[in-house]
Enquirer: 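Here it is: the structure, laid out below.
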Amino acid sequence: METRRRLVRAASILAVPVLWLAVTRLGIVAGLPTPMAVASSFLEEFYRQDFWLSVARSTVRVLVSFVVAAAVAIPLGLLVGRYTVFADLTFPALEMLRPIPPIAWIPFTILVLPASELSIMFITFLGAFFPILLNTIQGARGVEVEFSRAAQSLGAGSFQTFRHVIYPSALPAIHAGMIVGMGLAWVNLIAGEMVAGGTGLGFLTWSAYTSGSYPTIIVGIITIGVLGAISSALVRLFANWQIGWREVESA
Amino acid sequence: MSNQSQTTREQTAEGEPTPGATGAIDIEDLTKVYDPEGERVVAVDDMDLHIGAEEFVALLGPSGCGKSTVMNCIAGYLEPTEGEVIVDGNRVSGPDPKRGVVFQDNRLFPWKTVQENVEFGPQMNDGVEAGRARNILDEMGLDGFEDAYPSGLSGGMQQRAELARLLANDPDIMLMDEPFSALDALTKEIMQKKLIEVWERDNRTVLFITHDVEEAILLADRVVVMTARPGQVKDVIDVDLDRPRDPEVVTTDRFTELRERALSVIREEAQRALEQEEGQA
Amino acid sequence: MSNQSQTTREQTAEGEPTPGATGAIDIEDLTKVYDPEGERVVAVDDMDLHIGAEEFVALLGPSGCGKSTVMNCIAGYLEPTEGEVIVDGNRVSGPDPKRGVVFQDNRLFPWKTVQENVEFGPQMNDGVEAGRARNILDEMGLDGFEDAYPSGLSGGMQQRAELARLLANDPDIMLMDEPFSALDALTKEIMQKKLIEVWERDNRTVLFITHDVEEAILLADRVVVMTARPGQVKDVIDVDLDRPRDPEVVTTDRFTELRERALSVIREEAQRALEQEEGQA
Amino acid sequence: MSTVDRVKRRFDAGTVPVLTKRARQALSVVLFFVLWAVLVRLEILGFGRFVGPVPALSTFVSALLGAPMTGSGATIYQHAAFSAMRVVVAMVLATATAIPLGLVIGASRRWEDALFPALEVFRPVPPVAWVPIALLLMPTFRSGVIFVVFLGAFFPILVNTIEGVGTVDDEYLRAAESLGADSREVFRHVIFPATLPSIVTGVSTGVGLAWITVVAAEMIAGGIGIGYIIFQAYRLLQTDVVAVGMIAIGILGYASATVVYRIGNRLTEWQTVE
Amino acid sequence: TETGVLGGTAAAFDEKSFIVGYQPFYTESWSALVIRHAGLAEKHLPEEYSVGSWEVALQGAVIGNKMISTQNDIGYTGDMPSITALANEETKIDLVAMAGFSKGQQCNLCFVPSGSSVSEPADLDGREVGVTTGSCTHRFILEVMDQEGIQPDLSDQGMATISTNVREGNIPVGVGWEPAVARSVIQQDAAEYAFTGASYDLYDAAGLLMLDSLVEDHPEAAKGWLKAELEAKHIMATDPERTMDLITQEGQLRGYDRETLRATLYENLDVGSGAQRLLFYTDYEAIDTANRLFKERAPEFLYENQGVIPRLPPEERYRVDLLREAIEELRAEADWNPLREAER
Ligand SMILES: Nc1ncnc2c1ncn2[C@@H]1O[C@H](COP(=O)(O)OP(=O)(O)OP(=O)(O)O)[C@@H](O)[C@H]1O
Ligand SMILES: Nc1ncnc2c1ncn2[C@@H]1O[C@H](COP(=O)(O)OP(=O)(O)OP(=O)(O)O)[C@@H](O)[C@H]1O
Ligand SMILES: O=C([O-])O
Ligand SMILES: [Mg+2]
Ligand SMILES: [Mg+2]
């Protein structure tokens, strides 16, 4: 039974390349590169410095932007979540900016920021920033009042209450925001690289389209997917490590 | 003030309060209105109550009559709309480690281990020696569970850990809001014993909110019954049963008498509360 | 089978069961092991119990002894590992509208109004006339709340609505797992009255799980006390108090006697359960 | 001492009447515009190269009055209609496929085993990364953009639906069965409504991603639409038009989020106490 | 070649490390590729200067904007984006040389799917035409519309999208620039050239732009770059094989056959009425048609016709003084002539 299930699941994954092969063999989708062409293009890219530089650039951009987004959004979210006056003074302005898709900022950032690297990072940062911010706010607001009361009655001051109660209690929500934020960081990074050009996997993929190296487009997509999956897994791992106390609950 | 306190203690057939005892609570003309601008809810209306130092008082009353509101005012979580709460001569203006609180739903910090929970209070008030936490854990039968997270404990153990956390701070006053209502019968009995043990030894003032009439009589020196909302003091019953009281005390005639008295007051008030509710529907 | 049932009914000082009465439950050699491959938990071990048609049986036992497991087997949610449950001669093989269930935490469908909840059963079994739902709502004192969602009701009303939903299906058997444990004292008392009223009029079999010894004695014809895990029947107490029983019956000597008996059995088992738990830590 | 305490507590609780709530919120918005103007005026960073709030708003007003946005002569309404049409078509397709698929995968282990692993292979790929291949493979340029936007919305809805089904409490299913519901009825009366709040969450995440994707696709591939205006104006250095495009996309995004929120609330009104 | 993972950022703050914006997908600006892969910048720049990074752009406008925000120091762009950059009021940008020039053979190309019935400009009337607005193709199609009195339905798309769409037959006509058009025509045999700017006496060009601050503060470095530019032109004009070797080193172009790339530089078009494919001129002021293109036709188009630039570029943004100095110095240093015949 267990092994049967595992087989079915493996077959499900295997069906993807098989279907792909069939589709290209039968010529159902004109212009779709074959799995073999993509594989050989993968090998080719593997030996190109440019490819690895793109991988490195995109990865560094995502990681740096994500860390900065978390470092800004979490404290800000906790403050907005806990202090009504602060929230009233800051949040409406942020709410005006939030519905603008980060990628729409690209012309602005290219004009205003001093280096194109920073432009793309800013777009990526914005992608991660709002989900983390909103979830943190929600987490901070959701802290049950009895927890802070308990801490106060045990002698905690407001900073201590923040550190020992509000923050840990909001952590699950913060992590949920980080997971969404990591996904959106990649979305916006790729868009930014495609639009603003230069380097990175988004650019590699788009310039493969421009230059007509169609199998390379799919190499780009796969590489982006793998890196995206790895970074999400890292965020999850970090989250689980940070809130060991919650695992016990479900166990 | 201290005069009245002494009177009470005598009535409870307990020893005199320790000289220089602390933890006397004076509730004076307490009124609490929720949402005074919008839909006003008068939760407590002009209530007066004195609780002597080291006294054990149980607070009974129909659901929604304002028991938790009173407790929150004493704890310093809520600002009275009118009137005030005075503890040992000082007006309550906020939470204080001298007034420890146990909540109805267990409020151990789930992200801290049992030991971290218990050490939290002493840490926040670095005057108290931290070694104390350890002893208290042992005393509460929690040795071996120091590094467990609250979610890994049974309900009874959680409640013991919460009591331990409170005691680690050595408060003068223990405010307990239906602390045992979620426990099963046996665990509840064990916890009641534990509580009385702690109270008798350390001479703290206890305000104990419960819905359970028998529990109130079994534990308290005095049982205060509140009216339906807006809450006021309806009746004060002196429990003149000898201590220590074993579980069999519930079969005595005096117990039954006290129980009947409390029950009839409560039933009357509960009926009134119900009528109010249905009138609103 | 029906023979045994009759005996019981006589002992309870109630009338004879209706001729051709349905709803007899036979639990035969029931064993339930959770996760038989991995960490085996034997929840119920070779338990036997007969519940007569139209009988009101209360099931008591320490926390975790397997009460809910037994009920889930009768309801048809769980497949016994060994043994079987037979209802009116048929082996239980799945849930059935003839066996209605009330859960501990309220399980009204939150996305349906009170009326939709109550009409749900009849709708699913189109044999039952839908007008019935309306009457039952009135009878349960829920008129005026038909279009409210469960989240808008007080706890007591929710419980009444859940009972109404059950009754709308006209089940032979009512399986109730700590249905009133979350209610406050007064609401609980009202619900108990309501339940007995319904039971006496409609002649259904009731299996009522509770932690509250007084509640069990107050309501049931027989009180079945289970052992600590793995659950088995430890003691069966016939409650020979006259019906209708008013709240004051708790002050009678016979009540006190029955209560003491049940309590002592439970205490013993609970102690054992506690020792087991601590042994594991 | 105690008054100080009290003020401090009320300040912490945010109830100190430093201006009313509305006034503070309005102040926040005003401060934003002032900050924008000051940054542009003082040419902090490269703000000197960007448009200030006043010319941006005045261009916005003339755009609203029907001034053509770019060389092609289309008004902002036409561009907005194109972007919105893409989002709407893609959302309809995504909800129509992802919700049933999610319900089936969530409710049946067999379907989950058969379909979910294959879908998971595609999920980590950001929708925008599909732009080149979609433009290459879809029969028309327009369908390519819609396909990518569809992908953007599809996965959040799917994943939330699956998760929603997974968290439906067993006891609701049991209650329904004991009341006589068969499996189809359980699906319709219990699983689906119980999953609705999750589905609504998925749809609102999905609509957000749909906007991100549509803007990116329009910027990258050109044609018509708000994303296109922004990029075209950028190529020509018309920063006031860039700002107008951003404002327009913000309004559209906000409006669609509100619509989804309203519909979602209506569908799950049972969650909120009346 | 590329410098580090964050090379671009670091270089942006270093005055002596230049960020060069270039377009591998624009044949008319390929002198940049020759400079890059032949190491000519390293050869001619004064010692303390270097190339911080080569930034690829798929469109001249991106480079122009990056120069305006001083993210790029040196840029290779088509004639239209060059003018947009010169006209901007934020950052002074100079047109210091011409990167490439032709009589409508590079950026004024109209192409159609293979076997299309469209062959004459008149056939465009009422049809959908893919064009990248703001580029040199845009001016071309508007001139054609004007002269022919036709009304095609212009659809603004990126160059890559246009060539895909023409190849797949999604749009009946595209206007574009090399090498993308040649790829569809020669390499994929999916499209054909319909007509070019030559029929309308139109020219196209690529500009070499520098930040004015670079020219002013580091004239020796600017002059060094111009020498590299001149040597690149010399190589391109005299040694096609070496040129192709250098061009094909550009990784971005790996989807292109060498033959396709060669054709865009050296093979004249059937439809171009004999116009030469690319003229390797550098001094636009020496060529009347180029001078008029940069100073009159293109600016007027953008300012009067399109209204997309706030003013005509000021005269002082056109400066070939350093180029002239570079030519003089090279005449002394090198054993080849830095100027083509028409420039002398
Ligand atoms: N924050 C609040 N805002 C408005 N009304 C409130 C608030 N808190 C409590 N109330 C109302 O005030 C009344 C008293 O509440 P309180 O919690 O003190 O009652 P209680 O006696 O503790 O009830 P219970 O026995 O159910 O715990 C209730 O009617 C309650 O609905
Ligand atoms: N799904 C399950 N898997 C494994 N063990 C289970 C499962 N359900 C219950 N158990 C275990 O089986 C035992 C009996 O559980 P059950 O819920 O029947 O007890 P109970 O008497 O109803 O307890 P309570 O009074 O707390 O409701 C418990 O020890 C419980 O931990
Ligand atoms: O460089 C151009 O994009 O024309
Ligand atoms: Mg309360
Ligand atoms: Mg149970």
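Throughout, a chain's letter reflects where its sequence line sits, starting with A, and its residues are numbered from 1. What's counted below: heavy atoms across the whole structure, side chains too, no hydrogens, waters or symmetry copies.
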Enquirer: Knowing that exactly one of D:Ile133, D:Val131, D:Leu136 qualifies, which makes a side chain to side chain contact (heavy atoms under 4.5 Å, CB included) with A:Tyr209?
Expert: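 Filter result, single survivor: D:Leu136.
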Enquirer: How many angstroms lie between CH2 in A:Trp105 and CE in D:Met246, if you round to the nearest 0.5 Å?
Expert: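 That separation rounds to 4.5 Å.
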Enquirer: Report which part of D:Leu209 has an atom under 4.5 Å of a heavy atom belonging to chain A: side chain, backbone, both, or neither.
Expert: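 Answer is side chain: those atoms of D:Leu209 sit under 4.5 Å from chain A.
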Enquirer: Answer whether the closest heavy-atom distance between the side chains of A:Val226 and D:Pro124 falls below 4.5 Å.
Expert: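 No; the side chains remain at least 4.5 Å from each other.
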Enquirer: How long is the span from the CG atom in A:Leu111 to the OH atom in D:Tyr234, to the nearest 0.5 Å?
Expert: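 Interatomic distance, A:Leu111 CG to D:Tyr234 OH, rounded to 0.5 Å: 6.0 Å.
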Enquirer: A:Ile110 versus chain D, heavy atoms under 4.5 Å apart: side chain, backbone, both or neither?
Expert: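 Just its side chain gets close to chain D.
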Enquirer: What heavy-atom pair brings D:Trp211 and A:Pro101 nearest, and what distance separates the two atoms?
Expert: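 Taking D:Trp211 first and A:Pro101 second, the nearest heavy atoms are O-CG, 3.9 Å.
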Enquirer: Report yes if some heavy atom in the side chain of A:Thr84 is under 4.5 Å from a heavy atom in the side chain of D:Lys21; otherwise report no.
Expert: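 Yes; the side chains approach each other to less than 4.5 Å.
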Enquirer: Which one wins on heavy-atom pair count under 4.5 Å against chain D: A:Ser232, A:Gly183, A:Pro102, A:Pro92?
Expert: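 Top count of heavy-atom pairs under 4.5 Å with chain D: A:Pro92.
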Enquirer: What are the two closest non-hydrogen atoms of D:Pro126 and A:Ile190, and how far apart are they?
Expert: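 Taking every non-hydrogen atom into account, CG-CG1, 4.0 Å.
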Enquirer: Closest approach of A:Ala191 and D:Ala216, non-hydrogen atoms and distance?
Expert: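 In terms of heavy atoms, the two residues are closest at CB-CB, 3.7 Å.
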Enquirer: By a 4.5 Å heavy-atom criterion (distance strictly below it), what part of A:Leu7 contacts chain D: side chain, backbone, both, or neither?
Expert: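 Answer is neither: A:Leu7 stays 4.5 Å or more from chain D.
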Enquirer: Specify which of A:Leu227, A:Thr205, A:Ile218, A:Ile100 makes the most heavy-atom pairs with chain D at under 4.5 Å.
Expert: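 Looking at each of A:Leu227, A:Thr205, A:Ile218, A:Ile100 in turn, A:Ile100 comes out on top.
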Enquirer: Rounded to the nearest 0.5 Å, what separates atom CG in A:Leu184 from atom OG1 in D:Thr205?
Expert: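 Those atoms lie 9.0 Å apart.
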Enquirer: So which of D:Gly253, D:Ala118, D:Pro132, D:Ala114 has the largest heavy-atom pair count under 4.5 angstrom toward chain A?
Expert: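 Counting heavy-atom pairs under 4.5 Å, the top option is D:Pro132.
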Enquirer: Applying the side-chain hydrogen bond (donor to acceptor under 3.5 Å, both in side chains) test to D:Asp113, which of A:Arg9, A:Arg4, A:Arg6 qualifies?
Expert: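 Of the listed options, the one satisfying the test is A:Arg9.
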Enquirer: About how many Å separate CE of A:Met194 and CD1 of D:Ile220, when rounded to the nearest 0.5 Å?
Expert: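 Here the interatomic distance stands at 5.0 Å.
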Enquirer: Does any backbone or side-chain atom of A:Leu97 lie under 4.5 Å from a heavy atom of chain D? Answer side chain, backbone, both or neither.
Expert: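 It is the side chain, since no backbone atom gets that close.
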Enquirer: Mind ranking A:Asn188, A:Val16, A:Ile103, A:Leu189 by heavy-atom pairs under 4.5 Å with chain D and telling me who comes out on top?
Expert: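 The candidate making the most pairs under 4.5 Å is A:Ile103.
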Enquirer: Among D:Arg110, D:Arg22, D:Glu112, who wins on heavy-atom pairs under 4.5 Å with chain A?
Expert: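 Top count of heavy-atom pairs under 4.5 Å with chain A: D:Glu112.
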Enquirer: Measure distances from A:Ala11 to the heavy atoms of chain D and classify the residue's part below 4.5 Å as side chain, backbone, both or neither.
Expert: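 Looking at A:Ala11, nothing touches chain D.
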Enquirer: Only pairs of heavy atoms separated by less than 4.5 Å count here; which of D:Leu135, D:Leu27, D:Leu31 has the most with chain A?
Expert: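 That would be D:Leu135.
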Enquirer: Using 0.5 Å steps for rounding, measure from the CZ atom of D:Arg109 to the CZ atom of A:Arg5.
Expert: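 The CZ atom of A:Arg5 is 4.0 Å from CZ of D:Arg109, to the nearest 0.5 Å.
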Enquirer: Consider side chain to side chain contact (heavy atoms under 4.5 Å, CB included). Of D:Thr239, D:Val241, D:Ile230, which one does A:Pro107 pass it with?
Expert: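 The residue from D:Thr239, D:Val241, D:Ile230 that satisfies side chain to side chain contact (heavy atoms under 4.5 Å, CB included) with A:Pro107 turns out to be D:Ile230.
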Enquirer: Please check if atom OH in D:Tyr254 has more than 12 non-hydrogen atoms from other residues, nucleotides or ligands closer than 6.0 Å.
Expert: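 Result for OH/D:Tyr254: open.
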Enquirer: Any side-chain to backbone donor/acceptor pair from D:Arg24 onto A:Leu89? Under 3.5 Å, distance only.
Expert: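 Side chain of D:Arg24 to backbone of A:Leu89: no pair is present.
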Enquirer: Would you compute the distance between atom CE of A:Met96 and atom CZ of D:Phe33 and round it to the nearest 0.5 angstrom?
Expert: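 Atom-to-atom, A:Met96:CE and D:Phe33:CZ are 4.5 Å apart.
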Enquirer: Please state whether the side chain, the backbone, both or neither of A:Ala15 comes within less than 4.5 Å of a heavy atom of chain D.
Expert: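 The answer is neither part of A:Ala15.
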